[in-house]
A.B. asks: 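The structure under discussion is supplied below as structure tokens; questions concerning it will follow.
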Amino acid sequence: MIRTEHLTKIYRMGGAEVYALHDVNLEIQDGEFVAIVGPSGSGKSTLLNMIGCLDKPTSGSVFIDGVDTAWLSDNELAEIRREKIGFVFQQYNLVHTLNALENVALPLFFAGMKREMRMEMAKEKLESVGLGDRLYHKPSELSGGQQQRVAIARALANDPEIIIGDEPTGNVDTTTGNAIMDMLEGLNKEGRTVIVVTHNIEIAARAGIRKRMRDGRVRD
Amino acid sequence: MKDAFLLVYRSIKERKARSTLTILGITVGIGAVIALISLGFGMQASITEQLIEMADVIMVTPGSAEFGSWGVVGSFTDRDLADVRRIGGVKDAVAMRGEMEDVEFRGEKLRIQVVGIDPRDIGAVFGTAIALQEDEGIAGRDLRENDRRACQIGYSIATDYFGEEIRVNDRLSINGSKFRVVGILAKQGGFRSEVDTSIYVTTRDSITMLDNKDISTIFVRVWDIGDAERIANEIEARIDENHKLDDFTSAMTMSGAIEQLGTIFGLLQVVLIALSSISLLVAAMGIMNTMLMAVMERTHEIGVMKAIGAKNRNILTLFLLEASVVSVIGGVCGCMLGVIAARAISFGIQTAFTVEIAAIVKPEVLLGGLAVAILVGILSGLYPARKAAKMSPVEAVRYG
Ligand SMILES: Nc1ncnc2c1ncn2[C@@H]1O[C@H](COP(=O)(O)OP(=O)(O)O)[C@@H](O)[C@H]1O
Ligand SMILES: [Mg+2]
């Protein structure tokens with residue numbers, strides 16, 4: 001379960017204070033599919049980064065499975081990201097010097113898994129997103145949709161409970177976007193918590209729960 | 001680990017030009033150090049070798065004649081010489097009476113060192129190494145015991161000192177007395193370069209014609225080199241006693257001289273290493289620059305790696321590994337360059353100056369060079385690597 005308490009993030013731009021998040025209190029149960037919508041600059045990415053333990057709040061807390069992440073060290077946060085969370089970014093964010101298989105195996109490398117096992121698992125994940133025939137392609141040799149599927153396979157590498165997608169369909173066409181949503185829906189059906197930011201109404205409509213953001217605040 | 005290397009390899013390959021320049025910097029730095037040290041050892045070896053030829057020699061020279069006066073150099077007497085000859089273990093003791101004299105040749109007058117020596121002793125002093133210069137068919141000859149007003153002259157005196165070259169059978173005037181040149185000595189150079197600038201006459205002429213009765217140097221050869229130090233001490237004690245002076249006599253063994261040279265070369269090595277350290281410092285800054293650029297360029301990638309679970313330590317390791325790989329490659333290339341450069345310079349010196357200075361490449365110097373390269377690489381990679389490791393994942397991901 002994910003819970004935020006008075007979650008606030010303030011950026012200081014020159015003299016001015018920008019409330020990227022303003023006293024956000026929300027609860028996401030295990031296995032829920034949540035879509036976050038809202039205008040650009042409303043704080044969606046900031047919220048996902050807090051939940052995903054990429055960033056630390058100015059005040060307030062994020063609890064993941066009851067643990068207040070505000071008190072954790074860099075190392076402990078890295079462990080939570082590695083074990084519990086899988087990220088899918090709008091820009092795919094693959095390591096462009098590595099091929100698809102190596103990209104998917106990278107989180108397992110940081111987890112200290114042996115090479116053969118790692119490669120075996122990475123191959124399995126790539127096959128599960130339908131890229132069994134693209135294992136040795138570099139990101140530059142793949143289409144946007146294919147790159148995003150590699151990114152999903154990478155997010156799944158550590159078998160995380162939570163999948164976080166920041167506009168995962170933002171850079172691909174509608175058909176591909178729908179395919180990616182199908183995939184995320186499938187992951188949700190397997191029991192994973194899926195949290196997705198999107199601008200697309202149709203895609204948002206497929207989620208069980210919608211949260212609307214404006215000026216750093218969440219309204220249901 | 002293998003995959004860490006793979007990641008590092010890809011990243012080095014991706015920035016080929018800059019990595020190459022960095023590697024080149026280390027290569028040149030380490031190469032310079034190794035070449036200089038190897039040539040230093042070579043120089044030391046060749047000089048030591050020349051000295052070892054004379055390892056059984058003790059040079060006995062006088063200090064100041066009166067206590068507390070440093071200006072006036074004293075001299076030895078025939079009694080001193082006789083006493084030295086009587087010391088056990090002494091094979092030969094030869095007296096040399098050297099003094100600066102006015103030497104005139106065809107109207108030109110110069111002050112030159114004129115040495116009185118017994119002709120039969122010349123071999124004892126100089127060994128067989130000293131030979132006569134071939135002078136357009138007139139070879140000249142050695143000094144003889146019964147020669148009167150005859151001299152042998154050094155190579156430089158014959159060729160360089162006077163406006164006109166001196167030939168065998170030419171006449172010189174020393175202190176106003178006419179002397180005939182019976183032989184010209186071959187060029188010596190190195191440790192015997194003093195021979196090139198001296199004129200040799202018989203002891204008798206030195207005493208009777210030049211009024212030079214004082215012995216300026218006693219040249220001793222010993223039977224057993226192991227005894228040299230003891231004999232030197234005994235010589236000093238005997239002659240000091242004869243003159244009723246303390247610390248009047250200085251008897252220097254060649255092994256002592258070799259030791260002294262060792263110290264001088266040690267110092268020279270330190271200077272050389274200090275100089276080449278500058279190039280290493282430049283190389284270090286090169287690595288730091290490359291690594292900082294790599295960190296900047298890959299901010300985004302670092303953020304992504306952190307987002308998928310990399311710990312600070314993982315990132316630190318990757319960047320340090322990259323710095324080490326670059327410096328190991330540079331170090332290995334530097335060792336090769338150093339060896340090649342040392343050989344080339346040694347060859348160049350040999351052809352240009354006909355002086356043999358071998359490049360002595362010691363394995364411990366190569367290992368040391370490699371170690372220094374790695375150390376430099378890791379130290380200069382540390383700051384950029386820490387910077388990368390400390391990067392906030394969200395800032396990094398945003399960067400893209
Ligand atoms: N690193 C940052 N520095 C300064 N301001 C930031 C930073 N990150 C986000 N912001 C600001 O916080 C607000 C929320 O941003 P963000 O969460 O990216 O919005 P969204 O993803 O909904 O478009 C915006 O006003 C943005 O300009
Ligand atoms: Mg955003």
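A, B, ... follow the sequence lines: proteins, then strands. Residue 1 opens every chain.
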A.B. asks: Is the closest side-chain heavy-atom distance between A:Arg81 and B:Pro393 below 4.5 Å?
C.D. replies: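 Side chain of A:Arg81 against side chain of B:Pro393, heavy atoms only: contact under 4.5 Å found.
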A.B. asks: What part of A:Asn75 is in contact with chain B, defined as an atom under 4.5 angstrom from a non-hydrogen atom: side chain, backbone, both or neither?
C.D. replies: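 A:Asn75 touches chain B through backbone and side-chain heavy atoms alike.
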A.B. asks: Could you measure the distance from the OG1 atom of A:Thr97 to the CD atom of B:Glu301? Nearest 0.5 Å is fine.
C.D. replies: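 Going from OG1 on A:Thr97 over to CD on B:Glu301, the span is 5.0 Å.
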A.B. asks: Report the C-alpha separation of A:Thr46 and B:Val394 in whole Å, then their side-chain angles, then the decisive distance to 0.1 Å, and conclude whether the side-chain contact (heavy atoms from CB on, under 4.5 Å) test is met.
C.D. replies: CA-CA 9 Å; A:Thr46 308; B:Val394 70; over 6 Å; no
A.B. asks: Do A:Arg82 and B:Ile308 touch side chain to side chain, with heavy atoms closer than 4.5 Å?
C.D. replies: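 No, too far: nothing below the 4.5 Å cut-off.
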A.B. asks: Which heavy atom of B:Met305 sits nearest a heavy atom of A:Val95, and at what distance?
C.D. replies: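 Smallest heavy-atom distance, with atoms named: CE-CG2, 4.4 Å.
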A.B. asks: Any side-chain heavy atom of A:Arg154 within less than 4.5 Å of one from B:Val304?
C.D. replies: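 Answer yes - side chains close enough.
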A.B. asks: Does any backbone or side-chain atom of A:Met119 lie under 4.5 Å from a heavy atom of chain B? Answer side chain, backbone, both or neither.
C.D. replies: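 When you check distances to chain B, only side chain atoms of A:Met119 fall under 4.5 Å.
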A.B. asks: Side-chain contact test, heavy atoms from C-beta onward, threshold under 4.5 Å: evaluate it for B:Lys311 versus A:Phe110 and give yes or no.
C.D. replies: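 A side-chain contact under 4.5 Å is absent here.
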A.B. asks: For residues A:Phe109 and B:Asn314, determine if any side-chain heavy atom of one lies less than 4.5 Å from a side-chain heavy atom of the other.
C.D. replies: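 A side-chain contact is absent here, since even the closest heavy-atom pair is not under 4.5 Å.
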A.B. asks: Which heavy atom in A:Phe89 sits nearest to a heavy atom in B:Ala307, and how many Å separate them?
C.D. replies: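 A:Phe89 and B:Ala307 have their closest heavy atoms at CZ-CB, 3.8 Å.
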A.B. asks: Check whether A:Glu102 gets within reach of chain B through its side chain, its backbone, both or neither, counting any heavy atom under 4.5 Å.
C.D. replies: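 For A:Glu102, the side chain is the part near chain B, not the backbone.
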A.B. asks: Mind checking the NZ-CG spacing from B:Lys306 to A:Asp74? Nearest 0.5 Å is all I need.
C.D. replies: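 With rounding to 0.5 Å, NZ (B:Lys306) is 6.0 Å from CG (A:Asp74).
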A.B. asks: Could you check whether any side-chain heavy atom of A:Asn93 comes within less than 4.5 Å of a side-chain heavy atom of B:His300, counting everything from C-beta outward?
C.D. replies: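 Side-chain contact under 4.5 Å: yes.
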